[in-house]
Novice: 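Pasting a structure here, questions to come.
The shown structure was predicted, so the numbers you read here are calculated from the model rather than taken from an experiment. Each chain gets a letter, A, B and so on, in the order its sequence line appears, and its residues count up from 1.
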There are 2 protein chains.
Amino acid sequence: MALQKTLKALADPIRRDILNTLKPGALSAGEIAAKFSVTDASISRHLSVLKDADLIRDNRKGKFIYYEINVSVLEEALLWITDLKGENENA
Amino acid sequence: MALQKTLKALADPIRRDILNTLKPGALSAGEIAAKFSVTDASISRHLSVLKDADLIRDNRKGKFIYYEINVSVLEEALLWITDLKGENENA
DNA sequence: TTAACATTTAACTTAATTGTTAAATGTATT
DNA sequence: AATACATTTAACAATTAAGTTAAATGTTAA
C-alpha cells in the first residue's frame with residue numbers, strides 16, 4: 001500500500017513541484033501556495049495527499065502550519081524501480 | 001513530459017504487475033491478459049498506456065502481438081527520485 | 001469576546017481513469 | 001472468399017481526481 005500511495009502522489013506534476021520546493025527546507029502552507037497558480041484550497045488538498053503518502057510531515061507553529069519533506073518512503077519506490085530495471089547495485 | 005507519463009503509468013498496480021510479468025521476457029497480449037482477472041480489453045488499454053509511456057514495446061508475430069519491457073525510460077524517474085532524496089551516488 | 005489571519009473542509013463541477021460489452025481490425029487457414 | 005482467432009477500439013457506466021468558491025476551524029492579538 002505504501003508504494004501505491006507513493007507513486008500515486010508522485011504522479012501529479014504539482015505535487016512533484018511542491019516536493020522540490022520543500023527540498024531546501026520547510027515552508028508554511030501559504031508560502032507553498034504562493035508559488036503556484038491554483039487556489040490555496042487546491043494546494044491544501046495536494047498537501048493532504050502528500051501527507052497521506054508520508055512524503056511530507058506537518059507541524060503547526062502558531063497560525064502557520066509548516067511542511068517539511070520526508071524522503072524515507074522514497075526508498076521503497078527506488079527499490080521497486082531499480083529491481084524492475086534489473087540492475088544490481090554492485091554491478 | 002516523459003517523466004510525467006512514466007510516473008502516471010507506474011501509478012497503477014495492474015500496470016506495475018504487467019511490467020513485472022514481462023521482466024523475464026516478452027509475452028503476447030493474450031498471455032499477459034490470462035494472468036489478470038480483468039478483461040482482455042482492459043489489459044489492452046493498460047498495455048497502450050505503458051506503450052505510450054515507452055515502458056513496453058510491441059512487435060507482431062503473425063496473429064500474436066508480443067510485448068517486451070523497455071527499462072530505459074526508468075532512468076529519468078530514478079534520477080528524479082534520487083535527486084529529491086538528496087543523495088549523491090558517490091556518497 | 002471579537003476581529004483578523006492561515007489553513008482546511010465541504011459542496012459542487014468538470015475532466016480523467018478504469019472497467020465492461022460489443023464491434024472493428026489484422027492475420028492465418030481452409 | 002469465408003471462417004476463426006488475437007487483439008484493439010468504440011461506446012458507455014461507474015469511480016476517482018482536481019479545480020473552484022464558500023463555509024468552517026484553529027490560532028493570535030486587540
Novice: Between A:K8 and B:D12, does at least one N-O distance fall below 4.0 Å, as a salt bridge requires?
Specialist: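 Here A:K8 does not pair with B:D12 in a salt bridge, since their nearest N and O are not under 4.0 Å apart.
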Novice: C:dT17 P sits how many Å from B:I14 CD1, rounded?
Specialist: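 Interatomic distance, CD1 of B:I14 to P of C:dT17: 15 Å.
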Novice: Checking contacts here: which listed nucleotide (C:dT7, D:dT8, C:dT20) is nearest the side-chain heavy atoms of A:A29?
Specialist: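 The answer is C:dT7, which lies nearest to the side chain.
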Novice: Rounded to the nearest angstrom, tell me the gap between atom NZ in B:K63 and atom P in D:dA6.
Specialist: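 The distance from NZ of B:K63 to P of D:dA6 comes to 5 Å, rounded to the nearest Å.
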Novice: In whole angstrom, give the distance that lies between atom NZ of A:K5 and atom P of D:dA17.
Specialist: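 After rounding, the gap between these two atoms is 11 Å.
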Novice: What nucleotide among D:dT8, C:dT18, D:dG19 has an atom nearest to a side-chain atom of B:D12?
Specialist: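 Per side-chain heavy atoms of B:D12, the pick is C:dT18.
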Novice: Mind calculating the distance between CG (A:L47) and P (D:dG19) to the nearest angstrom?
Specialist: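 Those two atoms, CG and P, are 12 Å apart.
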Novice: Has A:H46 got a side-chain N or O lying under 4.0 Å from the OP1 or OP2 atom of D:dG19?
Specialist: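 For D:dG19, OP1/OP2 do have a side-chain N/O of A:H46 under 4.0 Å.
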Novice: May I ask you to say what B:S28 touches in the nucleic acid, namely base, sugar-phosphate or nothing, with a heavy-atom cut-off under 4.0 Å?
Specialist: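 Answer is sugar-phosphate: B:S28 comes under 4.0 Å of backbone atoms only.
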Novice: Once you apply a heavy-atom cut-off of 4.0 Å, does A:K8 come out as touching a base, just sugar-phosphate, or nothing?
Specialist: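 The answer is sugar-phosphate, as A:K8 gets under 4.0 Å only of primed atoms, P, OP1 or OP2.
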Novice: From the list D:dT7, C:dT18, C:dT7, which nucleotide is the closest neighbour of the side chain of B:R45?
Specialist: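 Among the listed nucleotides, the one closest to the side chain of B:R45 is C:dT18.
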Novice: Does a distance-only test, which skips hydrogens and angles, find a donor-acceptor pair under 3.5 Å between the side chain of B:R60 and the base of C:dG26?
Specialist: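 Between C:dG26 and B:R60, which were checked side chain against base, a qualifying N/O pair under 3.5 Å is absent.
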Novice: Figure out the CG/C1' separation between B:D58 and D:dT8, and round it to whole Å.
Specialist: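 From B:D58 CG to D:dT8 C1': 11 Å.
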Novice: Relative to the 5' end of DNA chain D, which residue comes earlier, A:K61 or A:V49, by the nucleotide with the nearest heavy atom?
Specialist: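 Nearer the 5' end of the strand: A:V49.
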Novice: Supply the atom-to-atom distance B:L27 CG to B:I69 CD1, rounded to the nearest 0.5 angstrom.
Specialist: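 Spacing of CG (B:L27) from CD1 (B:I69) equals 11.0 Å.
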Novice: With respect to the phosphate group of C:dG19, does any side-chain polar atom (N or O) of B:T39 fall under 4.0 Å of OP1 or OP2?
Specialist: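 Answer no for this pair, as no side-chain N or O of B:T39 is under 4.0 Å from OP1 or OP2.
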Novice: Check A:I81, A:T6, A:V71, A:L19 against B:I81 for a side-chain contact (heavy atoms from CB on, under 4.5 Å) and give me the one that passes.
Specialist: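 For B:I81, the side-chain contact (heavy atoms from CB on, under 4.5 Å) test succeeds with only one of A:I81, A:T6, A:V71, A:L19, which is A:I81.
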Novice: Does the distance from a Lys or Arg side-chain N to an Asp or Glu carboxylate O, for B:K5 and B:D54, drop under 4.0 Å?
Specialist: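 Judged by the 4.0 Å cut-off on N to carboxylate O distance, B:K5 and B:D54 do not form a salt bridge.
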Novice: Report which part of the nucleic acid B:A41 touches: base, sugar-phosphate, or nothing (heavy-atom distance under 4.0 Å, all strands).
Specialist: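 Answer is base: heavy atoms of B:A41 come under 4.0 Å of a base.
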Novice: Ignoring backbone atoms, establish whether A:R15 has a side-chain N or O less than 4.0 Å from OP1 or OP2 of D:dA18.
Specialist: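 So the side-chain polar atoms of A:R15 do come within 4.0 Å of the phosphate oxygens OP1 or OP2 of D:dA18, strictly under.
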Novice: Can you confirm whether A:E31 sits close enough to A:Y66 that some side-chain heavy atom of one is under 4.5 Å from a side-chain heavy atom of the other?
Specialist: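 The answer is yes; the side chains approach within 4.5 Å.
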Novice: Measure CG/B:D52 against P/C:dA16 and give the value in whole Å, please.
Specialist: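 Spelled out: CG on B:D52 to P on C:dA16 is 15 Å.
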Novice: Starting at atom CD1 of A:I32, determine the distance to atom P of C:dT7, rounded to an integer number of angstrom.
Specialist: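 From A:I32 CD1 to C:dT7 P: 8 Å.
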Novice: Starting from C1' on D:dT8, measure out to CZ on B:F64 and report it in whole angstrom.
Specialist: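 Nearest whole value for this atom pair: 15 Å.
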